[in-house]
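Residue numbers start at 1 and run along the sequence shown.
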Amino acid sequence: MSADELAHELGARVRRERLQQNLTQHTLAERAGVSRVTIARMESTGTATLPTFLAVLIALHRAGDIDHLLTPPDPRTIEQFLGTARPPRQRGRR
């Protein structure tokens, strides 16, 4: 999935959740502290800043869903399990 396709999918999911909760765009916008046009744009094109997207998730009571994003991998070695492995890299290679 490309970034644009993923953005459109997230916008559609926001719309689906809003309708499932029986909220209007105006009501959701008020709860999130953004304009109704911002909600409409997010739902139709997936375009939103990260803070706006997070504010909408909070307004929909779905902020807990982001806990599953980028979770640390399960330990693969006994050293990782015990926490004695080398610390994770802070920078990528050039």
Side-chain angles (χ1 to χ4, degrees):
M1 213 179 230
S2 72
D4 285 339
E5 291 169 333
L6 186 55
H8 275 85
E9 176 63 26
L10 287 173
R13 289 181 186 191
V14 166
R15 182 175 197 272
R16 190 168 40 247
E17 183 65 26
R18 175 182 62 79
L19 292 173
Q20 187 174 353
Q21 292 186 26
N22 199 26
L23 299 172
T24 64
Q25 286 181 341
H26 180 75
T27 303
L28 178 57
E30 284 182 343
R31 289 183 183 181
V34 299
S35 72
R36 188 204 59 79
V37 173
T38 298
I39 299 295
R41 186 180 325 115
M42 179 188 297
E43 290 181 355
S44 65
T45 67
T47 303
T49 65
L50 182 58
T52 297
F53 182 70
L54 295 175
V56 169
L57 286 182
I58 291 167
L60 290 170
H61 306 290
R62 296 296 300 264
D65 292 351
I66 63 173
D67 288 340
H68 304 290
L69 295 175
L70 301 173
T71 58
D74 291 331
R76 295 183 185 175
T77 65
I78 193 73
E79 290 83 14
Q80 289 174 334
F81 181 77
L82 296 174
T84 58
R86 294 194 315 188
R89 292 182 57 90
Q90 297 296 313
R91 297 187 183 123
R93 294 184 184 173
R94 290 185 178 200

Exercise. Which residues pass the salt bridge (charged side-chain N to carboxylate O under 4.0 Å, His left out) test with Asp65, sequence neighbours left out?
Worked result: Arg62

Exercise. Under the salt bridge (charged side-chain N to carboxylate O under 4.0 Å, His left out) test, which residues partner Arg13, sequence neighbours left out?
Worked result: Glu9

Problem set entry | More than 12 heavy atoms from other groups under 6.0 Å of CG on Asp67 | yes

Exercise. So how far is it from His8 NE2 to Met1 CE, rounded to the nearest 0.5 Å?
Worked result: 11.0 Å

Exercise. Do you know the tightest heavy-atom contact between Leu28 and Arg18?
Worked result: CD2-CD, 3.8 Å

Exercise. Who passes salt bridge (charged side-chain N to carboxylate O under 4.0 Å, His left out) against Glu30, sequence neighbours left out?
Worked result: none

Please list, one pair per line, the donor and acceptor atoms closer than 3.5 Å that link side chains of residues 47-59 to other protein atoms, with sequence neighbours excluded.
| unit_1 | atom_1 | unit_2 | atom_2 | d |
| --- | --- | --- | --- | --- |
| Thr47 | OG1 | Thr45 | OG1 | 2.9 |
| Thr49 | OG1 | Thr52 | N | 3.2 |
| Thr49 | OG1 | Thr52 | OG1 | 2.8 |

Problem set entry | Residues that Gln20 engages under side-chain contact (heavy atoms from CB on, under 4.5 Å), provided they are two or more places apart | Glu17

Exercise. Is there a chain of hydrophobic side chains (I, L, V, M, F, W, Y, each step under 4.5 Å between heavy atoms) that links Val34 to Ile66?
Worked result: yes

Exercise. Do Leu60 and Leu23 have side-chain heavy atoms sitting under 4.5 Å apart?
Worked result: yes

Problem set entry | Arg15: partners by side-chain hydrogen bond (donor to acceptor under 3.5 Å, both in side chains), with sequence neighbours left out | none

Exercise. In chain order, what residues pass the salt bridge (charged side-chain N to carboxylate O under 4.0 Å, His left out) check against Arg36, with sequence neighbours excluded?
Worked result: none

